[in-house]
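Model, not experiment: these values are computed from the prediction. Hydrogens, waters and symmetry mates play no part in the numbers below; they use all other heavy atoms, side chains included.
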Amino acid sequence: MSSQDNGNNTVVCVTGASGYIASWLVKLLLQHGYTVKATVRDLNDPKKTEHLLALDGAKERLQLFQADLLKDGSFDAVVEGCDGVFHTASPFFIHTDNPQEDLIDPAVKGTLNVLSSCSKVPSIKRVVLTSSVAAVMYNGSPLTPEVVVDESWFSDAEFCKETKLWYPLSKTLAEEAAWKFAKEKSIDMVTINPAMVIGPLLQPTLNTSARAIFSLING
């Protein structure tokens with residue numbers, strides 16, 4: 001069996017498909033023969049769509065949808081008929097004057113919106129949620145070289161609020177809400193908590209991780 005055959009025409013959904021992690025995910029899923037239903041915020045923005053439509057296998061097996069994290073039911077049609085869902089859509093930037101509107105609502109409400117759509121579709125076997133190391137490491141404990149951050153660690157929402165760590169707060173609240181909802185609805189969910197993610201860019205714009213490395217190189 002070649003790598004192209006592994007997907008066996010299995011249909012999966014990737015939310016926030018124009019982002020760094022999601023773009024690579026779409027590329028790899030197409031490579032392995034999956035049919036991918038991918039969401040972007042704006043179908044008319046070539047910066048969000050062109051690099052995805054240019055991927056190998058996209059013509060045959062990639063369907064793009066416009067979906068809004070804050071709009072109830074926005075993901076219903078997208079996850080319909082899927083076997084798995086990768087939820088990666090969540091704003092990632094550090095500086096904001098309106099953390100609730102810019103970061104927290106899209107992360108928390110968006111995640112619950114996607115999971116709510118998933119809970120209506122019996123064919124979905126698993127949901128993979130892209131969380132962040134930001135949801136793990138900010139609890140006020142000093143991160144000394146001896147410390148091993150493991151599954152007993154999680155960020156403290158109150159500490160994040162006090163120290164104005166808005167992005168970690170958004171990811172912490174989103175993951176907490178996701179686990180609660182997944183348990184209530186018996187959704188098979190796993191989360192991944194990546195840290196700095198860098199490498200070749202598929203999308204035409206710099207993502208936050210790459211921009212941080214770029215500014216180090218630039219001094």
**OP:** Work out which heavy atom in C160 is nearest to a heavy atom in P168; give both atom names and the distance.
**Re:** SG-CB, 4.0 Å

**OP:** Assess whether salt bridge (Lys or Arg N to Asp or Glu O under 4.0 Å) is satisfied between K180 and E176, documenting all intermediate values.
**Re:** CA-CA 6 Å; K180 186 169 181 286; E176 274 178 8; over 6 Å; no

Subject >> Residue pair W153, L143: steps toward the side-chain contact (heavy atoms from CB on, under 4.5 Å) verdict >> reply: CA-CA 11 Å; W153 278 61; L143 283 165; 3.8 Å; yes

Original post:
What about L129 and W179, same hydrophobic cluster or not, with Ile/Leu/Val/Met/Phe/Trp/Tyr joined at side-chain heavy-atom distances under 4.5 Å?
Top reply: yes

Subject >> Same apolar cluster: V127 and V108, side chain cutoff 4.5 Å >> reply: yes

Subject >> Donor-acceptor under 3.5 Å (S155 side chain, M137 main chain) >> reply: yes

Original post:
When rounded to the nearest 0.5 angstrom, what distance separates OG in S90 from CG in L103?
Top reply: 7.5 Å

Subject >> Nearest heavy atoms of C82 and K37, plus distance in Å >> reply: SG-CD, 3.8 Å

Subject >> Exam field: side chain R61 to backbone L30, donor-acceptor pair closer than 3.5 Å >> reply: yes

Original post:
Can you check side-chain contact (heavy atoms from CB on, under 4.5 Å) on F86 and L29, steps first, answer last?
Top reply: CA-CA 11 Å; F86 297 87; L29 287 163; 3.9 Å; yes

Original post:
What closest approach, in Å, do Y20 and V197 show between heavy atoms, and which atom pair accounts for it?
Top reply: CE2-CG1, 3.3 Å

Subject >> D188 atom CG: more than 12 heavy-atom contacts under 6.0 Å >> reply: yes

Original post:
For atom CZ of F159, is the number of surrounding heavy atoms from other residues, nucleotides or ligands below 6.0 Å larger than 12?
Top reply: yes

**OP:** Output yes when a side-chain donor or acceptor of T15 lies under 3.5 Å from a complementary backbone atom of T88, and no otherwise.
**Re:** yes

Original post:
Which of these passes side chain to side chain contact (heavy atoms under 4.5 Å, CB included) with L55: V36, V26, L28?
Top reply: V26

Subject >> Straight-line distance of I187 CD1 to K125 NZ, nearest 0.5 Å >> reply: 15.0 Å

Subject >> Main-chain N/O of A67 paired with S74 side-chain donor or acceptor, under 3.5 Å >> reply: no

**OP:** Tell me whether I21 is reachable from W24 by hopping between hydrophobic residues (I, L, V, M, F, W, Y) whose side-chain heavy atoms are closer than 4.5 Å.
**Re:** yes

Original post:
If you round to the nearest 0.5 Å, how far is OG of S18 from CG of D45?
Top reply: 8.0 Å

**OP:** Write down the atom of C118, the atom of V85, and the distance for their closest heavy-atom approach.
**Re:** SG-CG2, 3.8 Å

Subject >> Salt-bridge contact E175-K171 (side-chain N to carboxylate O under 4.0 Å) >> reply: no

Original post:
Heavy atoms, side chains only, cut-off 4.5 Å: are L169 and P99 in contact?
Top reply: no

Subject >> Heavy-atom pair with the smallest gap, counting every atom of L173 and A157 >> reply: CD2-CB, 4.0 Å

Original post:
Which atom names give the shortest non-hydrogen contact between T111 and A178, and what distance separates them?
Top reply: CG2-CB, 3.8 Å

Original post:
OG1/T172 to CG/L165 distance, rounded to the nearest 0.5 angstrom?
Top reply: 9.0 Å

Original post:
For K120, does the NZ atom have more than 12 heavy-atom neighbours from other residues, nucleotides or ligands under 6.0 Å away?
Top reply: yes

**OP:** Measure the shortest side-chain to side-chain distance between S117 and V78 over non-hydrogen atoms and say whether it is less than 4.5 angstrom.
**Re:** no

Original post:
If you group Ile, Leu, Val, Met, Phe, Trp and Tyr by side-chain heavy-atom gaps below 4.5 Å, do F65 and V11 land in one group?
Top reply: no

Subject >> Side chain S23, main chain A17, donor-acceptor under 3.5 Å >> reply: yes

Original post:
Crowded around E101 CD? As in, over 12 foreign heavy atoms under 6.0 Å?
Top reply: no

Original post:
Measuring from S170:OG to D102:CG, what's the distance to the nearest 0.5 Å?
Top reply: 10.5 Å

**OP:** With rounding to the nearest 0.5 Å, note down the distance linking CG in L62 to OH in Y34.
**Re:** 15.5 Å

Original post:
Should F154 and V133 be counted in the same cluster of Ile, Leu, Val, Met, Phe, Trp and Tyr side chains packed under 4.5 Å apart?
Top reply: no

Original post:
Is there a donor-acceptor contact under 3.5 Å from the side chain of N113 to the main chain of L69?
Top reply: yes

**OP:** Would you check if there is a donor-acceptor pair between the side chains of S123 and D83 at a distance under 3.5 Å?
**Re:** no

Subject >> Sidechain-backbone polar pair: D56 side chain, Q31 backbone, donor-acceptor under 3.5 Å >> reply: no

Subject >> Derivation of the side-chain contact (heavy atoms from CB on, under 4.5 Å) call for Y167 and S132 >> reply: CA-CA 10 Å; Y167 174 70; S132 167; 3.8 Å; yes

Original post:
Step by step, would you call T49 with L52 a side-chain contact (heavy atoms from CB on, under 4.5 Å)?
Top reply: CA-CA 5 Å; T49 59; L52 297 170; 5.6 Å; no

